[in-house]
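What follows is a set of notes on a single structure, which appears directly below.
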Amino acid sequence: MFDLSGRKALVTGATGGIGGAIARALHAQGAEVALSGTRREALDALAGELGGRTHVVPANLSDKEAVEGLVPAAEAAMGGLDILVNNAGITRDNLFMRMKDEEWEAVVAVNLTASFRLMRAAVKTMMRRRYGRIVSIGSVVGTTGNPGQGNYAASKAGLVGMSKALAAEVASRNITVNCVAPGFIESPMTDALNDKQRESILANVPAGRLGTGRDVAAAVLYLASEEAGYVTGATLHVNGGMAMI
Amino acid sequence: MSDIAERVKKIVVEHLGVDAEKVTDNANFIDDLGADSLDTVELVMAFEEEFGVEIPDDAAETIVTVGDAIKFLEKNASA
Ligand SMILES: NC(=O)c1ccc[n+]([C@@H]2O[C@H](COP(=O)([O-])OP(=O)(O)OC[C@H]3O[C@@H](n4cnc5c(N)ncnc54)[C@H](OP(=O)(O)O)[C@@H]3O)[C@@H](O)[C@H]2O)c1
């Protein structure tokens with residue numbers, strides 16, 4: 001099950017904790033993977049670690065032109081595109097009343113607008129090939145909200161609505177469009193929490209632990225597989241039971 | 001039949017999986033040939049590829065029959 005041999009995947013944010021785990025998981029199942037991010041050395045390092053079947057396609061997703069060049073670059077490198085994973089994401093937290101336009105715009109640009117443009121480009125080539133899997137990484141916060149994250153929550157909820165609209169348009173072409181919504185995932189940020197902070201977070205997580213990049217990657221792998229062909233417009237929550245939605 | 005007309009009809013037959021005799025100049029993609037809105041977008045993309053032209057959205061909207069496509073491409077196609 002979930003064999004991705006011969007499939008060609010583009011993963012954004014591959015230099016990050018979750019994106020790296022996603023790239024590793026897809027690669028381990030046999031996919032050819034195009035790794036994107038802004039930090040070239042980190043991308044090269046990951047590509048080196050994975051060995052064959054990898055390509056490095058850097059792009060700054062705040063830059064319209066760079067975004068527009070990314071799918072063509074990945075396609076050129078791999079000779080096609082079957083799987084797109086929109087994983088790159090940023091936060092610029094601030095209380096609503098203090099949130100600056102720039103903070104709003106920066107988050108929406110990377111998390112939502114770049115994903116829109118990548119999906120628009122990807123779906124064209126997927127339509128021709130009559131096959132495609134698009135997975136975007138949302139967040140539990142897109143459903144529940146979170147103080148200080150008005151911009152981030154909007155961008156993540158936006159991914160869900162956008163994915164459903166596209167899912168309805170292209171379902172007849174064997175293209176699925178889904179989201180994975182992580183809860184609290186271990187990262188350099190969560191590593192910096194002290195025991196008390198960690199305890200208070202875990203009090204709300206029935207699973208009793210933080211999630212890992214691998215937990216998220218497994219959900220992405222499923223939705224990216226041929227086997228998940230009848231699942232579209234869905235959001236798979238990976239949050240240890242923190243919010244059962 | 002012009003070379004362009006022939007190529008257009010071939011694309012339509014292949015893409016929509018309809019009989020060649022149904023693909024007349026007057027055939028409407030949606031009403032006569034059973035295309036859905038996504039098919040029409042794909043046809044436009046296929047014409048763009050075959051003829052090396054860009055068909056802007058406002059022009060694409062006026063292409064509703066096979067003849068419309070042939071006329072547009074006879075005027076604008078580079079190859
Ligand atoms: N960690 C969590 O608890 C958690 C929870 C829910 C959802 N998520 C979501 O999961 C995804 C991955 O998060 P993470 O924890 O792995 O974060 P991370 O380690 O901070 O990674 C973020 C990734 O996004 C890329 N990125 C940021 N800005 C970019 C830009 N302008 N252009 C191109 N790439 C850019 C970064 O690439 P460079 O560093 O190379 O620029 C990096 O690879 C995000 O969408 C995040 O919102 C995370």
Tell me, with the steps shown, if B/V64 and B/I30 meet side-chain contact (heavy atoms from CB on, under 4.5 Å). CA-CA 8 Å; B/V64 297; B/I30 293 176; over 6 Å; no

Would a 4.5 Å heavy-atom cut-off, applied to side chains only, mark A/V57 and A/L70 as touching? yes

If contact means a heavy atom pair closer than 4.5 Å, which residues of residues 104-120 of chain A contact chain B? none

Give the C-alpha distance, both sets of side-chain angles, the deciding distance and a yes or no for side-chain contact (heavy atoms from CB on, under 4.5 Å) between A/V216 and A/N87. CA-CA 11 Å; A/V216 178; A/N87 161 76; over 6 Å; no

Hey, does A/L236 have a side-chain heavy atom less than 4.5 Å from the side chain of A/N178? no

Which pairs count as side chain to side chain donor-acceptor pair (under 3.5 Å) when at least one residue sits in residues 51-66 of chain B, sequence neighbours excluded? B/T65-B/D68

So does A/R92 pair up with A/E102, basic N to acidic O under 4.0 Å? no

Could you check whether any side-chain heavy atom of A/L50 comes within less than 4.5 Å of a side-chain heavy atom of A/R24, counting everything from C-beta outward? yes

Decide side-chain contact (heavy atoms from CB on, under 4.5 Å) for B/K9 and B/I70; before the verdict, give the C-alpha distance in whole Å, the side-chain angles of both, and the deciding distance to 0.1 Å. CA-CA 9 Å; B/K9 288 182 180 175; B/I70 294 171; 4.0 Å; yes

Do A/E68 and A/K64 meet the salt-bridge criterion of a basic N to acidic O distance under 4.0 Å? yes

Evaluate whether atom NZ of A/K100 has more than 12 neighbouring non-hydrogen atoms of other residues, nucleotides or ligands under 6.0 angstrom away. yes

Does a donor on one side chain and an acceptor on the other come within less than 3.5 Å for A/S5 and A/D3? yes

By residue number, those in residues 40-47 of chain B with heavy atoms under 4.5 Å from heavy atoms of chain A are B/E42, B/M45

Validation row: A/T54, A/V56 side chains within 4.5 angstrom (heavy atoms): no

Checking heavy-atom separations under 4.5 Å from chain B, one finds in residues 121-145 of chain A A/K124, A/M127, A/R128, A/R130

Does a side-chain heavy-atom distance below 4.5 Å link A/L4 with A/L221? yes

